[in-house]
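Written below as structure tokens is the structure these notes are about.
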Amino acid sequence: MSDKKHAAYICAGCGLGERLDIAALEAVAKKEGKMQIVRTHPFLCSEEGVAMIRADIESEGVTHAAICACSRRAKTEAFNFPTTAIARGNLREGVIWVRPDTEEARETTQEMAEDYVRMACAEVKAMTQPAGNPNTGMNKTLLVVGGGISGMTAALEASKAGYKVVLVEKTGSLGGWAARLHRRVPTREPFKSPEDTGVADMLAAIEADPNIKVYLNATIAKTSGAPGRFKVDIAVESGPTVTEDIGAIVQATGFTLYDAGKLPHLGYGKSPHVVDQAGLEALARAANGGPIKRADGKEVKSVVFVQCAGQRDASGEHLPYCSGHCCNTSIKQAIYFKDANPDVDAVVLYTDLRTPGNGEDFYRAAQNRGVIFSKGVVSEVVPAGDGLSVKFHDLILDDRNAQIEADLVVLATGMVPNSGVNIDSLTAPQVEGQEAPAEGEVKPVSILNLTYRQGPDIPQFKWGFTDSHFICFPYETRRTAIYAAGPVRRPMDIAQAIEDATGAAMKAIQAMENAGLGRAAHPRSGDLSFPTARLEGCTQCKRCTVECPFGAIDEDEKRYPVFNESRCRRCGTCMGACPVRVISFENYSVNTVGAQIKAVNIPDEFENKPRILILACENDAYPALDMAALNRNCYSAYVRAIPVRCLGSVNTIWITDALNSGYDGVMLMGCKHGEDYQCHFVKGSELGRYRMSKVYDTLKGMNLEPERVLDLEVAITDLHTLPRKIDDYVAKIQQIGPSPFKGF
Amino acid sequence: MTSVVATNQTILVVGGGIAGMTAALEAAETGKRVVLVEKNPWLGGRTAQLYRYFPKMCHPTCGLEINLRRLKANPNVQVLTLAEVTGISGQKGDYTVTVRLKPRYVNEKCTACGDCAQAVATEIPDAFNYGLGKVKAAYLPHSMAYPMRYVLDPAIIGTPEAEAARAACKYGAIDLDQKEEVVSLKAGAIIWATGWRPYDAAKITPYRYGEFPNVITNVEFERLADPHGPTGGRILRPSDGREAKNIAFIQCAGSRDENHLRHCSRFCCMGSLKQTHYVQEKYGDEGKSTIYYIDIRAIDRFEDFYAKVRANPNVTFIKSKVARISQDKDGNPVCWGVNTEGYKRYANTHDLVVLAVGMEPEVKGVDIPAEVMSDSSGFIMADPLNGAIFGAGCATNALDVNRAVQSATAAALRAVQVVNQIARAEA
Amino acid sequence: MSELNQQMAARYKNNFLKEIEEQAEMGEWVKMCMQCGVCSGSCPTHFHPGWEHPPQEIFMMIRAGKREEVLTSPSMWMCTSCYNCYVRCPRKLPITHIMHGIAEYAYRLGLAPKMQPTLHLSQTFWNNCIKTGRVNEVRLTQSLYFKDGFMAGIKKGLEMKDVALGLIKAKRLNILEALGFGHKCKDVQGIHRMLAKARELEAKRKGAKAQAA
């Protein structure tokens, strides 16, 4: 403890000097904040100001600094002292920019500023600057699960960057779906003709690549460990199980074509001349550029493609989504026919033709070859004579009884992801022995067989796809260093799968590199702090292991939590969950926030100055408050805002402590949860809110009105509405009256 | 003089939109040294100018906040704003690049306090809001601008106003002597992520954009709906400031059209579907949207988003490319055309028409100062001939944000492969 | 049914699109339409009172094999050649020309509606014009006015008499043309030989095209 030295730096620039009594702030830092060094500078972020702080660090041995100036989001380059614990007292965006510059506001504004100085001093004293733990796992071999186009791409691209790869494929050969195609949709100018699938070239490249080790007829029997130190058991058919040391994982397990057998109304199963797109590829491969023949050997003279077969289905019976590639695929297949024999009649029946980007050129190229496109909804495909009759509603001519005869009908069915076990459905209460599967139902087989407390596979998003829910961060799965690529993630074509797999390999490489350095992955990338638990105080309640959105915490045989640091994203949900408060980060803990709450000066009930605590998510709500300030949108001087990593990290003790010590109200500002959740820690705000719902019982126990805690959903754009909401809440609290706990 | 630290193991990223930022950050967080060059005085690109994203209806500034935090925390990235690449020489693994830096007239001492703006009266069109509003000639480009520094517009340089701005700054942050400079730097690989520009709607003459004030573009509509925008988030029509409650969205304004853009721009269908939510959000059942379309391209898992909009009784879909727009005596735009599903003629009066203009690659018509292959629409096409110049995001294809980020992440790996190779060779 | 019509119907059986591609001028463009409808909406005639089938619908009908309906339709004859559709078509289809091509083909097959005004005018104009190489305006007007009967012709004539008198006064109309006088080409025989040669060339070209099919 003796080697700690605390200092506070107060800025008088940006109007702070004019609006605030800086000398009083200094006194607060010294007397109440107990700072050993307190300095004021007229322009703290200037070269001289920064040099002053640096000199104190270097020659005075300052280890902890409370910088009372602007928001922690501003001037980050200037106030960057990597070895020093830093707390920021937000006097500019948090105080003077949100307060009117009037004589009557002066007193409360000053009180607000003094509190933020107290809070910064209290926070910094409770902090330790994290040094990071570099011994978390140094393995840098990438595991790729699935040997289709996506998997092969990820393997080759990672190898090109200098990384070793283990590629596991469950069948006897690499190539996946692409190997079953005759040709692929063009990926290059002029986008007019189907092109070679590229599979042979990739196979040759993998064969020749000493960095890539391939296991065929193999599946993953077990994955344990964490990023940088995974141990993966690979079960090889007719051979012993092999264990590989792995740093990160790309799951590229692809898709299965939707079962056309579920579409009897479209003739599948009723006539051998109704095929799905895979069936047509097989016929085209057999023809090898010559006229395409049906199963019975007859040359096809007319073919109809039925788009969206069992897709975009609103009835709930089939796939609700669009598989994206099928319009281009049908165009490609129609071109197979036209290129072999221009006299074949090829008709594509669609409702919306979806050929984005240069697909438009491919569409035109097919039209130019005489492929006919009709906007219509197919109601039925029935055998007629030697061929088939397709009945449809022609939407352009508004003809409900349109009909085309064809030798062959191709159904464009969709992609069903091979994503393993839906672990979220496993979390529903299960009673052993009661889960007799419904007749004929196939239980999904796990792909990764993770030994994680929270289930064997990556959580799924929608309809079985393991996609990210974030638009800006499409690779973020909920399992650190395990990335999905290709159609298992989202329906996609080959060109996109190649791009996607390359990106996934990038993320996996990055995850391995950072795991080795003890750095967190997205969204707190680079964060060196990590949670530690005082296990002697742990009651084995398992809340932390259950709630961790990233499956970072396992349980040992005595049901104590086992933290896997490199899986952790540093959101603090475990810390918020812990009822006995034994989990903390070096620089973010029950204490760092608790000390700030306690530091605030609570006026007595006669002063009529309520105190309201704001716990604001640092990702959205806190920036919204900052931007409100930047636009000089004022709000009440009775609130004190503390940024939190996530609403999920909010421990209820903070709220009960605040209310017990005389705060009149607490506002929780977190991101949207539910289906379109905004929380960057996925479940954080939802879990936090669930926890808060229990606070109301506590309030009842304390004889306090439920309004004293307000849970507010805040978006980053709420810069105009948020100040109003704060003021409304303050008014309401004033109406309710002061907390009876004041003065105790 | 700006100093840039770079070697042939440095990755140069051109363009600071979401693709460029992503590429830069993914590489930097893998331990690579990156120089990020952006021609605007701020980072974030066109996504920062969107109100919400489809299909989640979340705010792009939320992701921008995370990306900026990543950037602020990462010493591996050097950002150059107001910067444009003017020359590239050398080859894969060994490029020399010249970058022209325009003066900002504000240095790093700026605290964004805003005193300079108080001292200046001249107003210029607000570029961040596509010129829909005005800003002072000393301005912070937007609330999340990074670097968080003011900019002095060249329009007032050399005038007493510039001097007044300098006098108003207590921190010596205004430097009127800044000159345009050219810096030269080394790079092993280059990621070209210069994004897209909205197709010039004035070229679609029957729609009378630029002539009828109540015919606007989809990117402008984003600014109207955004609380950060010129109307504070109220959908007001430009002609008379009246609330626009009956809004037409015209798809393929420029896209899928051999007279304009021959490709499909992919994002505009979802963009307009999203924008009908804005109308609903602001006006409830009083807000009416009409989408004129050829094909609704709500690709892959966006289908349910489309289905929900379809189910909204306040949104009408008309399968038709609008033939022309006229204007009635009250300044209301009237859309003329034929609903092709059954040949139903219409002449529909709306409060406001939003043209869903397509994406034109920013590289089109602008020379990349190096040999780079492009397709017939002007998008960069991957090719071995490009050496270690890799396209990313909308410079390579018409992409939505999600796919642009994927593309940028992939581009980052391609660049990392090159610099790793050099590192191995030099080790 | 004309002989040519029967011949063509038999040759192309159920592939009307192919028939149009090969037989109608510019017919090969029909397949490129993507049904956006901008042509239909751009047509100045479509609001008063409109065609039965606008271009984009005609194209779809061709693809759907609605041969009889298309070829007997008066729609193609409504085109005023304003070229709005042509310049706006996102696929750059020469729609104006395609419509004329289809109309001409329908006429050739003898399927064009008999008393359709545009068709009637074209036919009358042509017949009138090729006689002397110059239009006999009085006779042309007469045959147009009297197409729906004698009384209708008289009525129309009286309606237009002020215009006619004005034209005569300005020497823009020679009343003697009614008797067969008036201007004509110097070498009427030459004109007729030229037209005969053009017909021969056209027939040869179409024959070759049909042969190739």
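Counting heavy-atom pairs closer than 4.5 Å to chain B, the top residue among A:Leu353, A:Asn80, A:Thr76 is A:Leu353. Each of B:Glu108, B:Met57, B:Lys319, B:Met148 has some count of heavy-atom pairs under 4.5 Å with chain A, and the biggest count is that of B:Lys319. Put simply, of A:Leu397, A:Asp361, A:Asp718, the one with the most heavy-atom pairs under 4.5 Å next to chain B is A:Asp361. Contacts with chain B were tallied for A:Glu360, A:Lys75, A:Lys160; A:Glu360 has the most, counting heavy-atom pairs under 4.5 Å. When each of B:Ala112, B:Ser265, B:Gly31 is checked for heavy-atom pairs under 4.5 Å with chain A, B:Ala112 comes out on top. Here B:Glu65 is the residue among B:Glu65, B:Lys109, B:His263 with the most heavy-atom pairs under 4.5 Å with chain A. For the options B:Met381, B:Gln421, B:Arg256, heavy-atom pairs under 4.5 Å to chain A are most numerous at B:Arg256. Here A:Pro474 is the residue among A:Gly324, A:Gly359, A:Pro474, A:Ala314 with the most heavy-atom pairs under 4.5 Å with chain B. Taking chain A as the reference chain and counting heavy-atom pairs below 4.5 Å, the highest number among B:Thr22, B:Asn402, B:Asn397 is found for B:Asn402. Of the listed residues (B:Thr47, B:Asp295, B:Val419), the one with the most heavy-atom contacts under 4.5 Å to chain A is B:Asp295. When each of A:Glu513, A:Gln496, A:Arg524, A:Met415 is checked for heavy-atom pairs under 4.5 Å with chain B, A:Gln496 comes out on top. Note: A:Arg490 leads A:Glu618, A:His720, A:Arg490 in heavy-atom pairs under 4.5 Å with chain B.
For a residue to count as touching a neighbouring chain, one of its non-hydrogen atoms must lie under 4.5 Å from one of that chain's; by this rule B:Asp300 touches chain A with backbone and side chain alike. For a residue to count as touching a neighbouring chain, one of its non-hydrogen atoms must lie under 4.5 Å from one of that chain's; by this rule A:Arg73 touches chain B with backbone and side chain alike. Neither the backbone nor the side chain of A:Thr187 comes within contact range of chain B; no heavy atom of the residue lies under 4.5 Å from a heavy atom of that chain. Of the atoms belonging to A:Asp626, not a single heavy atom falls under 4.5 Å from chain B. For A:Cys45, the part lying near chain B is the side chain, with the backbone staying farther off; criterion is any non-hydrogen pair under 4.5 Å. Residue contact with chain A, scored on non-hydrogen atoms closer than 4.5 Å, involves the backbone of B:Cys110 exclusively. With a 4.5 Å cut-off on non-hydrogen atoms, A:Asn619 touches chain B through its backbone and its side chain both. Heavy atoms closer than 4.5 Å to chain A are found nowhere in B:Arg52, neither backbone nor side chain. Both the backbone and the side chain of B:Ala298 come within less than 4.5 Å of a heavy atom of chain A. For chain A, the nearby part of B:Phe54 is the backbone; its heavy atoms alone come within less than 4.5 Å. Neither the backbone nor the side chain of B:Ala307 has a heavy atom closer than 4.5 Å to any heavy atom of chain A. Only the side chain of B:Arg424 comes within contact range of chain A, with heavy atoms under 4.5 Å apart. Of the atoms belonging to B:Phe302, not a single heavy atom falls under 4.5 Å from chain A. For B:Leu140, the part lying near chain A is the side chain, with the backbone staying farther off; criterion is any non-hydrogen pair under 4.5 Å. Only the side chain of B:Ile18 comes within contact range of chain A, with at least one heavy atom under 4.5 Å from a heavy atom of that chain.
Between B:Glu303 and B:Arg310 no salt bridge is recorded (no basic side-chain N to carboxylate O distance below 4.0 Å). At a threshold of 4.0 Å, the pair A:Arg312-A:Asp352 counts as salt-bridged, since one of the basic side-chain nitrogens sits closer than that to a carboxylate oxygen. B:Asp383 and A:Arg188 are joined by a salt bridge, as a carboxylate oxygen and a charged side-chain nitrogen come within less than 4.0 angstrom of each other. Between B:Lys344 and A:Asp398 there is no salt bridge, since no side-chain N of the basic residue sits under 4.0 Å from a carboxylate O of the acidic one.
Using a distance-only test at 3.5 Å, with no hydrogens or angles considered, no donor-acceptor pair links the side chain of A:Asp467 to the main chain of A:Phe461. Using a distance-only test at 3.5 Å, with no hydrogens or angles considered, no donor-acceptor pair links the side chain of B:Gln406 to the main chain of A:Glu499.
Annotation: cation-pi pair A:Arg489/A:Tyr475 present, NZ/CZ under 6.0 Å from the ring centroid and within 45° of its normal. Figure legend: cation-pi geometry between B:Lys56 and A:Tyr677, with NZ or CZ positioned under 6.0 Å from the six-membered ring centre and within 45° of its axis.
Smallest separation of non-hydrogen atoms from A:His522 and B:Ile66: CE1-CG2, 3.8 Å. Looking at every heavy atom in both residues, B:Ala23 comes nearest to B:Ala408 through CB-O, 3.7 Å.
Partner B:Phe390 forms a side chain to side chain contact (heavy atoms under 4.5 Å, CB included) with one of B:Ile380, B:Thr396, B:Val418 and no other, that one being B:Val418.
Counting only heavy atoms from C-beta outward, the side chains of B:Asp375 and A:Asn358 approach each other to under 4.5 Å. The shortest side-chain heavy-atom distance between A:Cys70 and B:Thr111 does not fall under the 4.5 Å cut-off.
Between B:Tyr51 and B:His59, a ring centre-to-centre spacing shorter than 6.0 Å is recorded.
No more than 12 heavy-atom neighbours from other residues, nucleotides or ligands sit within 6.0 angstrom of CZ on A:Arg519.
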